[in-house]
Amino acid sequence: MEREFPLEKVRNFGIIAHIDAGKTTTSERVLYYTGMSHKIGEVHDGETTTDWMEQERERGITITAAAVSCTWIPTYNAGDKARRFSFNIIDTPGHIDFTVEVKRSLRVLDGAVVVFDGVAGVEPQSETNWRYADEANVPRICFVNKLDRTGASFEHSYKTILERLSKKAVRAQLPIGLEDKHEGVVDLLAMKAYYFEGDMGNKVVEKDIPTDMMDDAKKYRGELIERIVENDEAAMNAYLEGIEPDLSTLKALLRKAVIANDVFPVFAGSALKNKGVQLVLDAVVDYLPAPTDIKAVTGIDPETEAPLERRADDKEPFAALAFKSMNDPFVGQLVFFRVYSGTVEAGSYIYNPRTGAKERLSRIVRMQADQRQEIKKVFAGEIAAAVGLKDAKTSDTLCDEGKPIMLDRITFPEPVINLRIEPKTKADQEKMGLALNRLADEDPTFKVSTDPETEETIIAGMGELHLEIIVDRLKREFGVEANVGKPQVAYRETITTSAEAEGKYIKQTGGKGNYGHVRIRIKPMDTSVDPKELPKNVKRSEGFEFINNIKGGVVPQEYIAPIEKGLKEGLDRGIVAGFKMENVSVDLYDGSYHEVDSNEMAFKIAASMAVQEAAQRAKPVILEPMMKVEVITPEKFMGDVTGSLSSRRGLIEGMEARGMNQAVKAVVPLSEMFGYMTSLRSMTEGRAGFTMEFLRYDIVPQNVAETIVKSRSSAAA
């Protein structure tokens, strides 16, 4: 089977944005214009292709990232099928509770279209998504959407992109008219006006630029060309001498700058009114990278840990990253994967370095949201889903057993909110355990645990909506009825100073005894140091650093790993109120052993005792999750809103005009935000709304810490 599209004609990109900026509406236009759907589904009608889950259609929001494959012929090559490009698109959620979907999607995508609300401009989740894209080094183009809405302002939105996201953004288009007068766009490179006529705006008509816009178009075109040529010395010198590069050269230079993340071009339109989307797709072809434009993916040899790399080439050994798994009611477990190199056929065996085992890839499907198209073979640079992989989880590498590689894993944020959950009936008990584990396999930010004191099941996630959806899915997909408790904040503990302790575990039981002895120092972990720059004797995992300073074999090497495990287990239960301790650095510097009585268990117990004792001396404190909150409210309610946030221990960071409304920005403890929506609606006649996302952990004030300790003690009793 031959590849249908050469690698240079493949584009893997995501559509990302803040909630309600119009991502899914844009995705629906993309599917319609590329011929994948024959009618446009609207979010408000609950009929979209990419929002296919019942919970998404009921709430009008995106919950899970939907993958879609389609083809596109650029408008300037209309009708020339030889010029088709293959698109693999992921429509991601905008709600902060489902941020995991954005993070994992960006890891496997080569580019992104970032959609902004033409009235609000950059919103909080836009900033988070932009940060994730920066971390993944993903090239982006910007689309200012909803320019047909009352209060829309392309210039305001563009200004917020410059101020809050990047000074590298530059106008590539100007809108023709705003609000109900929004008719089309001006392309600043081609210096042409484009209008969208015919049924659903599918006919792109090129005209001359309106005379009243010519001065602005010339001015902003000059800015755009300067930004393009400054990335190429020869073009810059020619431009300074008065020689402007031709259109194809300008496009090639802009493409190079976008791929290098030196320029982020900004486009305009209204997806709902079918204006501008086709030109954004042209920009995806012209400026976003093909797999061949991306650096070779790096990983390590699972055996030797030597660095390896794989280029985007069908002839290279097979290497892919599983970035998402989901339960499909028809085919069972589906594992989405991005192929970085080589090819794989249905029915072949693949190797998973994490498990060290081979698995048979029984079937391969290409997804159209919730629809499946069976395919026989997947090539380098493509995205597909595997059927039949039982042990593969998110972040696993899938590769050729003869040439194994382990790609970097995706890092996910820790949950910030807990719920106690119990099955309604005995019949639900066993089903609930299986269902929760299945959901936890799908979503790395959803965790399931058991309270050791009460034996109750605790689920943890990124927010109230996240857990609400999980409980809803338990009922609908798995038929499990459950009772849930009130949401609980996922507090943490840490230490504020350094301390030393000794742990000795000596037990004689007639015959062979137990002997383990360690000396440790603990201190707050320095999170400013890049983990890649740590010395070889330092190991760092989430919130824990282990320094092995044992010299001269005073503790044999085979006991070092059990000591590290004992230290971790000792920190799982904090000193102040029993919450997990984090950001602790432990230095193992001395100890002793017994030739006969020493064993792994004894050293593990000794380490756990030592770290608990040291933590008690290191002034432990409780940490609470702090949330970045933005409230959009009519001006007349500003006093009530700021007063309410302050009374919730919130720190007001600023205010700004947002169209006809005011945006209040604050940092508020998560524990104070439960039920805030009801309170906000009642104080603003239902006219205000807010968004909230996790920012950081901060030390809890003493009076609040005492209340937390008391409530933990009474709950345990």
Side-chain angles (χ1 to χ4, degrees), residues 7-14 16 74 76 85 106 109-114 116 122 126 129-144 154-155 157-174 185-192 216-268 279-297 311-312:
L7 261 173
E8 298 75 33
K9 290 198 169 183
V10 175
R11 299 288 183 272
N12 297 313
F13 66 98
I16 60 173
Y76 46 81
F85 284 75
L106 282 170
L109 292 169
D110 301 328
V113 175
V114 190
F116 299 95
V122 173
S126 319
N129 291 339
W130 194 272
R131 191 173 70 246
Y132 288 160
D134 278 341
E135 287 170 14
N137 209 26
V138 170
R140 279 144 275 174
I141 60 177
C142 304
F143 176 50
V144 177
F154 177 77
E155 286 305 312
S157 299
Y158 174 66
K159 190 177 163 196
T160 62
I161 294 170
L162 290 178
E163 287 174 353
R164 297 182 210 165
L165 301 181
S166 175
K167 292 275 188 281
K168 295 175 181 176
V170 64
R171 302 172 190 83
Q173 291 179 345
L174 295 177
V185 296
V186 169
D187 183 314
L188 294 175
L189 274 189
M191 281 301 271
K192 289 288 181 187
D216 278 349
K218 285 177 179 172
K219 174 183 157 190
Y220 294 133
R221 183 174 195 268
E223 285 181 15
L224 174 61
I225 291 174
E226 279 176 26
R227 291 296 302 280
I228 293 171
V229 298
E230 70 186 22
N231 294 287
D232 184 276
E233 196 175 337
M236 183 70 167
N237 290 336
Y239 185 68
L240 291 173
E241 289 170 15
I243 305 165
E244 184 185 293
D246 61 27
L247 184 59
S248 60
T249 305
L250 285 170
K251 278 190 166 185
L253 291 174
L254 180 53
R255 174 181 179 76
K256 191 175 159 192
V258 170
I259 291 170
N261 277 318
D262 289 330
V263 175
F264 303 113
V266 183
F267 297 83
L279 300 188
V280 172
L281 294 180
D282 287 355
V284 167
V285 166
D286 291 340
Y287 308 124
L288 289 185
T292 46
D293 296 312
I294 301 295
K295 283 183 188 170
V297 69
R311 289 179 303 110

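Remember, predicted model here, so these are calculated numbers, not experimental data.
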Could you grab the distance from atom [atom1] of [X] to atom [atom2] of [Y], nearest 0.5 Å is fine?
| X | Y | atom1 | atom2 | result |
| --- | --- | --- | --- | --- |
| L254 | D286 | CG | CG | 8.5 Å |
| L106 | I16 | CG | CD1 | 5.0 Å |
| F85 | L281 | CZ | CG | 12.0 Å |
| E230 | Y239 | CD | OH | 11.0 Å |
| S126 | F116 | OG | CZ | 5.5 Å |
| N231 | D262 | CG | CG | 5.0 Å |

Using side-chain heavy atoms (C-beta onward) and a distance below 4.5 Å, is [X] in contact with [Y]?
| X | Y | result |
| --- | --- | --- |
| D282 | Y76 | yes |
| L247 | L189 | yes |
| R171 | R227 | no |
| V113 | V280 | yes |
| F264 | W130 | yes |
| V114 | N129 | no |
| I228 | V263 | no |
| V185 | F154 | no |

Where do [X] and [Y] come nearest, in terms of heavy atoms and distance?
| X | Y | answer |
| --- | --- | --- |
| M236 | V229 | CB-O, 3.5 Å |
| A235 | L253 | CB-CD1, 3.7 Å |
| P74 | V285 | CG-CG1, 4.0 Å |
| F267 | A283 | CZ-CB, 3.4 Å |
| L224 | A172 | CD2-CA, 4.2 Å |
| L250 | E244 | CD1-OE2, 4.4 Å |

Would you mind listing every side-chain hydrogen bond (donor to acceptor under 3.5 Å, both in side chains) that reaches into residues 160-170, with sequence neighbours excluded?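 For residues 160-170, and leaving out neighbouring residues, the side-chain hydrogen bond (donor to acceptor under 3.5 Å, both in side chains) pairs sorted by first residue read R164-E656.
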
Of R11, R311, R255, which is the lone residue that meets salt bridge (Lys or Arg N to Asp or Glu O under 4.0 Å) with D293?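 Of R11, R311, R255, salt bridge (Lys or Arg N to Asp or Glu O under 4.0 Å) with D293 is met by R255 alone.
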
Which residues satisfy the ring pair (Phe, Tyr, Trp, His ring centres under 6.0 Å) test with F143, sequence neighbours excluded?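 Applying ring pair (Phe, Tyr, Trp, His ring centres under 6.0 Å) to F143 gives none.
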
Does the distance from a Lys or Arg side-chain N to an Asp or Glu carboxylate O, for D134 and R140, drop under 4.0 Å?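 Yes, charged N to carboxylate O under 4.0 Å.
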
Around atom NZ of K251, are there more than 12 heavy atoms from other residues, nucleotides or ligands closer than 6.0 Å?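 Count over threshold, so yes.
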
